[in-house]
Amino acid sequence: MSLIELKHVSRSYTMGDRSFYAIKDINLKLEEGEFVVILGPSGAGKSTLLNLLGGMDSPTEGELIFDGKDIAKFNDNQLTDYRAWNVGVVFQFYNLIPTLTAYENVALMKDVRLQSSKKSIWNKGNIPVVPPEEAIESVGLKERMHHFPSQMSGGEQQRISIARAIAKNPRLLLCDEPTGALDTNTGAEILKLLQDMSHRDGRTVVMVTHNDDCVEIADRVIRVKNSMIQSDEKIEAPKDPLIFMDNKQE
Ligand SMILES: Nc1ncnc2c1ncn2[C@@H]1O[C@H](COP(=O)(O)OP(=O)(O)OP(=O)(O)O)[C@@H](O)[C@H]1O
Ligand SMILES: [Mg+2]
């Protein structure tokens with residue numbers, strides 16, 4: 001069974017007396033552990049699609065099946081529970097809380113999972129949270145654990161935001177232009193981490209990017225255009241972002 005299946009998923013908006021589709025009739029299956037890159041022009045519907053996958057928004061039509069459950073039918077409380085157990089998110093501008101240390105930022109997200117209802121439908125008793133120290137160690141920043149965001153570089157802040165995203169131990173990691181604010185080398189390190197989250201840790205990682213080079217490092221590339229999927233391609237031998245980006249610069 002696929003981790004996620006979208007069946008005729010649309011998201012329309014009504015503005016005044018007009019309505020339009022941000023995402024239209026998407027059919028898609030995402031597998032456990034896949035590293036998926038989503039490309040497409042501005043306004044194509046990439047972030048809308050990511051928000052639907054993450055339960056931050058709901059489809060206006062269609063079914064969105066995660067682990068056998070149609071989250072398109074979920075109310076706000078059910079979506080909160082869905083996100084708390086299953087979804088980690090990374091954004092372009094990190095969104096760390098400036099008055100909390102790296103450790104505290106990460107610990108907070110772990111607590112989101114722990115505080116979510118003991119009666120959660122996702123609680124099968126076998127999904128431990130990732131301790132903040134461990135999450136931070138996995139992004140290589142153990143020695144910076146007690147620093148504030150303002151004391152860290154952009155790349156370091158993005159690492160911490162990845163540590164925060166995985167603290168819930170989510171099966172799905174969603175990233176919206178995670179390297180958009182970083183230089184090529186720092187970006188490559190972030191891409192390597194995200195690839196590891198998929199290939200090493202078995203999470204499903206879905207990353208929206210404007211960087212065409214990312215077609216070389218993903219397991220699968222989906223191009224979105226005019227609210228629809230234009231192409232969906234498997235990559236046979238994804239490259240290591242560190243080696244690949246290094247070679248490109250020479
Ligand atoms: N909350 C909203 N209300 C109204 N329209 C919206 C809303 N969110 C997105 N849209 C519209 O839906 C379309 C798709 O937006 P989306 O943010 O998904 O594009 P995108 O592919 O992520 O673009 P970019 O690369 O610029 O981030 C756009 O026309 C956008 O203006
Ligand atoms: Mg976007």
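Atoms within each ligand, like the ligands themselves, are counted from 1 in listed order.
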Among all protein heavy atoms, pick out the one at the shortest distance from [atom]; state its residue, atom name and that distance to 0.1 Å.
atom: atom 26 (O) of ligand 1; value: Ser42 OG, 2.5 Å
atom: atom 28 (C) of ligand 1; value: Gly43 O, 4.0 Å
atom: atom 15 (O) of ligand 1; value: Thr48 OG1, 3.7 Å
atom: atom 25 (O) of ligand 1; value: Lys46 NZ, 2.7 Å
atom: atom 8 (N) of ligand 1; value: Tyr13 OH, 3.4 Å

Subject >> Side-chain (Ser120) to main-chain (Trp122) donor-acceptor, under 3.5 angstrom >> reply: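 Side chain of Ser120 to backbone of Trp122: a pair is present.
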Subject >> Arg203 (side chain) donor-acceptor with Pro170 (main chain) under 3.5 angstrom >> reply: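 Yes, because the side chain of Arg203 sits within donor-acceptor range (under 3.5 Å) of the backbone of Pro170.
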**OP:** Verify the contact flag for atom 2 (C) of ligand 1, where contact means a protein heavy atom under 4.0 Å away.
**Re:**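 Within 4.0 Å of atom 2 (C) of ligand 1, protein heavy atoms are found.
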**OP:** Using a distance threshold of 4.0 Å (strictly less than), state whether atom 31 (O) of ligand 1 has a protein heavy-atom neighbour.
**Re:**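 Protein heavy atom within 4.0 Å of atom 31 (O) of ligand 1: absent.
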**OP:** Evaluate the side-chain proximity of Pro59 to Arg11: yes if any heavy-atom separation is below 4.5 Å, no if none is.
**Re:**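 Counting from C-beta outward, Arg11 and Pro59 never come under 4.5 Å.
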Original post:
Does a side-chain heavy-atom distance below 4.5 Å link Lys168 with Trp85?
Top reply: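 No. Closest side-chain heavy atoms not under 4.5 Å.
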Original post:
Out of Ala22, Ala44, Ser47, Ser12, who gets a non-hydrogen atom closest to atom 17 (O) of ligand 1?
Top reply: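 Nearest option to atom 17 (O) of ligand 1, by heavy atoms: Ser47.
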**OP:** Could you tell me how the ring of Tyr13 sits relative to the ring of Phe20: parallel (under 30°), tilted (30 to 60°) or perpendicular (over 60°)?
**Re:**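 Judged by the thresholds at 30° and 60°, the geometry between Tyr13 and Phe20 is tilted.
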**OP:** Measure the spacing between CD of Gln157 and CZ of Arg164 and express it to the nearest 0.5 Å.
**Re:**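 Spacing of CD (Gln157) from CZ (Arg164) equals 10.5 Å.
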Original post:
Near the Mg ion (ligand 2), is there an N/O/S atom from Ser42 that is less than 2.8 Å away?
Top reply: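 Checking Ser42: none of its N, O or S atoms is under 2.8 Å.
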Which of the numbered atoms in ligand 1 are below 4.0 angstrom from a heavy atom of [X]?
X: Glu177; answer: 25 (O), 27 (O)
X: Phe20; answer: 5 (N), 11 (C), 12 (O)
X: His210; answer: 25 (O)

Original post:
When you look at CG of Asp76, are more than 12 heavy atoms from neighbouring residues, nucleotides or ligands closer to it than 6.0 Å?
Top reply: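 Counting neighbours around CG of Asp76, 12 or fewer heavy atoms of other residues, nucleotides or ligands fall under 6.0 Å, so no.
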Using a 3.5 Å cut-off and no angle test, enumerate the donor-acceptor pairs between side-chain atoms of residues 35-53 and protein atoms at least two apart in sequence or in another chain.
{"residue": "Lys46", "atom": "NZ", "partner": "Gly40", "partner atom": "O", "Å": "2.9"}
{"residue": "Lys46", "atom": "NZ", "partner": "Pro41", "partner atom": "O", "Å": "2.9"}
{"residue": "Ser47", "atom": "OG", "partner": "Asp176", "partner atom": "OD2", "Å": "2.6"}
{"residue": "Asn51", "atom": "ND2", "partner": "Ser47", "partner atom": "O", "Å": "3.3"}

**OP:** Determine whether the side chain, the backbone, both or neither of Pro41 has a heavy atom under 4.0 Å from any heavy atom of ligand 1.
**Re:**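 Backbone only.
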Subject >> Modelled atom types, side-chain donor and acceptor of Tyr21 and Glu61, under 3.5 Å >> reply: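 Distance-only check passes for Tyr21 and Glu61.
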Original post:
Can you find an N or O of Gly40 that's nearer than 3.5 Å to an N or O of ligand 1?
Top reply: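 There is no such contact.
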